[in-house]
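One structure below.
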Amino acid sequence: MHFCLDVENGAEYKTHKDKEWLDLTPFNPSNQLVSVGLAQHVNGVWDDAKYFCINHSSEPSYPDGKSIIQNYLDTCTLLVGHNIKHDLKWLYSCGFTYDGKVWDTQLAEYILQRGAKKPLSLAVLAEEHDLPRKKSDLIQNYMDRRESFYNIPWEVIEEYGKADVVSTCALYDLQNVRMAESSHLIPTAKMSNDFLQVLVKMEIHGVAIDQDALDAVEDAYKERQTELDRSLHERVYQVMGDVPVNLNSPDFCSELFYSRRVVDKRRWKHLFNIGTDSRGKALKPPLLNPRQFTRIVRTNTTILKIPKVETCNVCGGVGSIDKLTRQGAPYKIPPKCAKCDGSGVILIPTSASAGLRLSPMSTVDTSAAGFRANKTTLLKLRDTAKNDFVKSFIDDFIELSAISTYLSTFVNGINKFKHDNILHTNLNQTITATGRLSSSSPNLQNMPRGFTFPVKKCFVSRFEDGSIIEADYSGLEFRMAGHLSGCPSVRRYVEEGIDPHAFTRDFINNFDSNLPSITRQEAKADTFKPLYGGSSGSPRQRAYYAGFLKEHHGVAEWHEALKKEAIRTKMVRLPTGREYVFPYATRLPNKYVNQTTQIVNYPVQGFATGDVVPCGIIATDRLFKQRGLRSLLILTVHDSIYVDTYPGEEEEVMECLNIGMLSIDEMFQEFYGINMSFPLAIEIKEGPNAFEMKEVR
DNA sequence: CCGTCTACGTA
DNA sequence: CGTACGTAGACGGA
C-alpha cells in the first residue's frame with residue numbers, strides 16, 4: 001500500500017548572541033507536531049487526503065488519530081513525501097514507527113536535475129510542471145506575524161496541509177513518468193531514498209556534547225583571543241594612529257596591511273573583475289602584467305598617512321549640534337555633527353606613512369575593499385616584509401583570525417544548535433552539484449581536523465564508558481578515479497601499497513632541494529589538482545602535474561573521453577546511472593573545453609562520496625540492525641562514519657564497519673546490477689571523544 | 001532588511 | 001583555468 005504524507009509542526013524563534021533564527025525541529029520541546037495529512041494510492045489513483053489534528057490550540061486532537069496513522073504506517077510499503085526526512089524526523093520523535101520504503105519527491109527531483117542547481121521547493125516545482133498548487137498565501141500573513149502553526153486557525157491549516165499532500169501526489173505521479181523515460185536514474189533514486197532513512201536516524205541520534213569540555217576550550221580560546229587582541233591593538237595604534245580599529249573588517253585590514261585606500265570601490269571592483277557568477281563562484285581576475293598591475297594600483301589608490309587628531313571645530317568636540325525642531329524644541333537625540341560624524345574629533349593627515357606597507361604582487365591579491373588580508377596572501381607576503389615587527393604582526397593576526405572563527409562559528413555554532421546536550425546537524429541530500437551531502441545547523445563537515453582542534457573534545461559518547469569510533473575510506477577519491485578511468489597505474493599504486501600523497505610530497509621535495517619542503521598533508525592538494533584538471537602553479541608543481549598525468553596516463557585519457565562525451569551529449573553519466581548536465585560544454589577555438597574542471601571532477605566526487613559512501617553506510621546500518629547493536633551511527637563527513645559506541649560493543653562495531661564499508665561490490669550488485677571490484681580500504685580510530693582518537697589496527 | 005563579499009574551515 | 005560545501009561579520013544600497 002502506498003501513502004503520501006505531510007506533517008505540519010510548530011516552530012520557535014530562538015535568539016542566540018543577539019541573532020534570531022527559526023527552530024523547526026522536533027528536538028525543541030516547545031515545538032509540537034500539529035497535524036498529519038495522508039493520501040492513499042487506491043486502484044492507481046490517490047484518494048482524497050485525510051487530515052488529522054495532533055496538537056492544536058483550539059481544535060481537539062483527532063480521536064485516536066495517532067493509532068489510525070500508525071495503522072496506516074503499518075500497512076504502508078511506500079511512503080511518499082516532499083523533503084520526507086523532515087516528516088520522518090517528526091514521526092519517529094513522536095513515537096511512530098515505520099519499516100517500509102520511502103520516496104522523497106524532492107530528492108527524486110534533485111536526481112532528475114542532474115547537478116543543475118535549480119530550486120527544489122514544492123511551490124516552484126508545482127508551478128513549473130503545472131500541478132495543483134500549494135496554498136502558501138493562506139498562511140503567509142500568519143508567517144509574517146510569526147504565528148506558530150499551533151495557533152493558526154485549524155481550517156486554514158487543514159486547507160493548506162491538504163493542498164501540500166495533493167501537490168506532492170501529483171508530483172510523484174509525474175516523476176513516475178519521467179523516471180520511466182530516464183530509467184538509468186531509478187537505481188540512484190532508490191539508493192538515495194534508502195540512504196535517506198539512515199540519515200534520519202543519524203540526525204535523530206545526533207552527537208552528544210560534553211558541555212564542561214566545550215566551556216573549558218571556549219575559555220582557553222577567549223583568553224588567547226583577548227591577549228592577541230590587546231597586543232595587536234597596541235601595535236595598530238603605533239602604525240595607524242588614533243583611528244577606529246576593527247580587525248574583523250576586510251576594509252580596515254586592507255588599509256592596515258597595504259597602506260593604501262581605494263579611491264572608488266565600484267571602479268575598483270570593475271577593474272579587477274571582483275564578484276561572483278550566478279552559481280556563487282568567484283569570477284576570474286583579469287590577466288595583467290606586473291607593470292600594468294602596479295600602474296592601476298597607483299592610479300586608483302591613495303597612500304595612507306598617520307592622522308593627527310584635532311577637536312572638531314564645528315561641534316567643539318561634543319559630536320552633536322544644537323539644532324531645534326520646527327516647533328522650537330530640542331531634539332530628543334541631538335543631530336550628529338556632520339563634520340566629524342559624531343566622533344567629536346577630526347583627523348588631519350600628516351606626512352608620516354601609515355600601516356604595514358606590504359606590496360600586493362598581482363591581481364590575485366586584490367579584493368573588493370582593496371587587497372586581501374587572508375592567511376595565504378599574508379603568509380606569501382610575509383617573506384617580503386621589511387622587519388620583524390611586520391612578520392610577528394602577521395603571525396599574531398593570522399592566529400587571531402583563526403581563533404575568532406573557532407569561537408564564532410564552531411563554539412557558538414555548537415551552543416546555538418544543541419538541544420539538551422545533543423547536537424542534531426542537518427545532513428542535506430539535495431544541495432550539492434555532485435551528489436555528496438552537505439551539512440548545516442551547524443556544519444560539522446568543516447571542523448578543523450580532529451587532532452588539531454580541541455573543540456572536538458566536547459564530542460563524546462552518550463553512554464557511560466562508551467566511546468567514539470570513526471572509520472574512513474583511505475584515498476577513496478584517488479582509488480575511484482582509478483576505477484572509473486580504468487587506469488592501470490592507479491590500480492598498481494593501490495595494489496602495491498604506494499601512498500600517492502607521500503609520492504607527491506617526495507616528487508616535489510626532490511625537484512629542487514633549495515626550496516622549502518612540504519608535508520604529506522600539504523602534498524594532498526597537489527595530488528588532487530591534476531586529477532581535477534588543474535595545471536597551474538610553481539615550476540616544481542607544474543612538473544609534478546605533468547608527471548602525474550604521464551604516470552597515470554589512463555586518467556588523462558579518461559579526461560579526454562569525458563570531455564568528448566560532454567560536448568556530444570551535454571551530459572556525463574556514471575556507471576551507476578547518475579548524470580550531470582553540462583549545457584555549455586563546447587570546444588573553444590583554442591581547443592580548451594568549457595567547464596573542463598567540473599566535467600572531470602564531478603564524476604569522481606559524485607561516484608566516491610555520492611554513490612560509494614552512501615552504499616557503505618546503508619550496509620553498515622543494516623549490520624547494526626541485524627546484530628541488534630545499541631551503538632548508534634551519529635555522523636558522516638564525506639568519506640567517514642562516526643559511531644557512538646555502546647560499552648562492550650567496540651569489537652563488533654568495528655567488524656560491522658569493516659564488513660559494511662567494504663561491501664560495495666555486493667551493494668552495487670544489489671542497487672545497480674554492476675561490479676565494483678576495485679580494492680578499497682578503511683582506517684578505524686577510537687577514543688573517549690572525537691579529539692583523543694587512536695588508530696585501531 | 002537583504003544581497004554581496006571576505007574569511008575561516010573541511011573532504 | 002583543482003572541485004565541492006556552510007557560517008559569521010562587514011558593508012552598502014534599498
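None of the values given here were measured: they were computed from a predicted structure. Chain A is the first sequence line, chain B the second, and so forth, proteins listed ahead of strands; every chain is numbered from 1.
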Reading nucleotides 4-10 of chain C from 5' to 3' and marking B where a protein heavy atom lies under 4.0 Å of the base, S where only the sugar-phosphate is that close, and - otherwise, the string is BSBSSSS
Checking [X] now: which residues fulfil side-chain hydrogen bond (donor to acceptor under 3.5 Å, both in side chains) with it, not counting sequence neighbours?
X: Arg114(A); value: Ser182(A), Glu579(A)
X: Thr527(A); value: His501(A), Thr504(A)
X: Thr25(A); value: Asp23(A)
X: Arg542(A); value: none

Check the pair Glu20(A), Arg146(A) against salt bridge (charged side-chain N to carboxylate O under 4.0 Å, His left out), reporting the backbone distance first and the verdict last. CA-CA 12 Å; Glu20(A) 260 193 324; Arg146(A) 301 188 162 200; 2.9 Å; yes
Nucleotide range of DNA chain B contacted by chain A, 5' to 3', under 4.0 Å to a heavy atom?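 Extent of the interface on DNA chain B: dC5(B) to dA11(B).
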Does Ile599(A) offer a backbone N or O that forms a donor-acceptor pair with the side chain of His559(A) under 3.5 Å? no
Give a yes or no on whether the backbone of Thr434(A) and the side-chain of Tyr580(A) come within a donor-acceptor separation of less than 3.5 Å. yes
Taking the side chain as every heavy atom from C-beta outward, state whether Glu203(A) and Leu427(A) have any atom pair closer than 4.5 Å.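 Answer yes - side chains close enough.
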Run through DNA chain C and report every stem of 3 or more consecutive Watson-Crick or G-U pairs, distances under 3.5 Å, ordered by first number.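 DNA chain C stems, ordered by first number: B:1-11 with C:3-13.
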Tell me every residue that passes ring-ring contact (aromatic ring centres under 6.0 Å, His included) with His483(A), counting only those two or more places apart in sequence or in another chain.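 His483(A) satisfies ring-ring contact (aromatic ring centres under 6.0 Å, His included) with Phe607(A) only.
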Ring pair (Phe, Tyr, Trp, His ring centres under 6.0 Å) between Tyr642(A) and Phe459(A), worked out: CA-CA 11 Å; Tyr642(A) 286 78; Phe459(A) 297 149; 8.2 Å; no
Applying salt bridge (charged side-chain N to carboxylate O under 4.0 Å, His left out), name anything that partners Glu227(A), two or more places apart in sequence or on another chain. Arg230(A)
Below 4.0 angstrom, which residues in residues 265-274 of chain A have at least one non-hydrogen atom near DNA chain B?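 Within residues 265-274 of chain A, the residues near DNA chain B are Lys269(A), Ile274(A).
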Specify the residues of residues 363-375 of chain A, ordered by number, for which at least one heavy atom lies under 4.0 angstrom from an atom of DNA chain B. Ser367(A), Ala368(A), Arg372(A), Ala373(A), Asn374(A), Lys375(A)
Please step through ring pair (Phe, Tyr, Trp, His ring centres under 6.0 Å) for the pair Phe548(A) and Phe507(A), ending with a clear verdict. CA-CA 10 Å; Phe548(A) 178 96; Phe507(A) 183 105; over 10 Å; no
Only pairs at least two apart or in different chains count here, so list each salt bridge (Lys or Arg N to Asp or Glu O under 4.0 Å) that has a residue in residues 519-535 of chain A. Asp499(A)-Arg520(A)
Within the 4.0 Å heavy-atom criterion, would you say [X] contacts the bases, only the backbone, or no part of the nucleic acid?
X: Ser640(A); result: nothing
X: Tyr406(A); result: sugar-phosphate
X: Thr609(A); result: nothing

Whether Arg479(A) engages the ring of Tyr473(A) as a cation-pi pair (distance to the six-membered ring centre under 6.0 angstrom, angle to the ring normal within 45°) should be assessed.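 No cation-pi geometry.
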How many Å lie between CG on Asp264(A) and C1' on dG13(C), as a whole number?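 Taking CG of Asp264(A) and C1' of dG13(C), I get 15 Å after rounding.
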Value in whole Å for how far the C1' atom of dG2(C) lies from CD1 of Ile599(A):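 It is 14 Å, rounded to the nearest whole Å.
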Looking at Thr432(A), Thr430(A), Asp104(A), which hits side chain to side chain donor-acceptor pair (under 3.5 Å) with Tyr110(A)?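 When side chain to side chain donor-acceptor pair (under 3.5 Å) is applied between Tyr110(A) and each of Thr432(A), Thr430(A), Asp104(A), only Thr432(A) qualifies.
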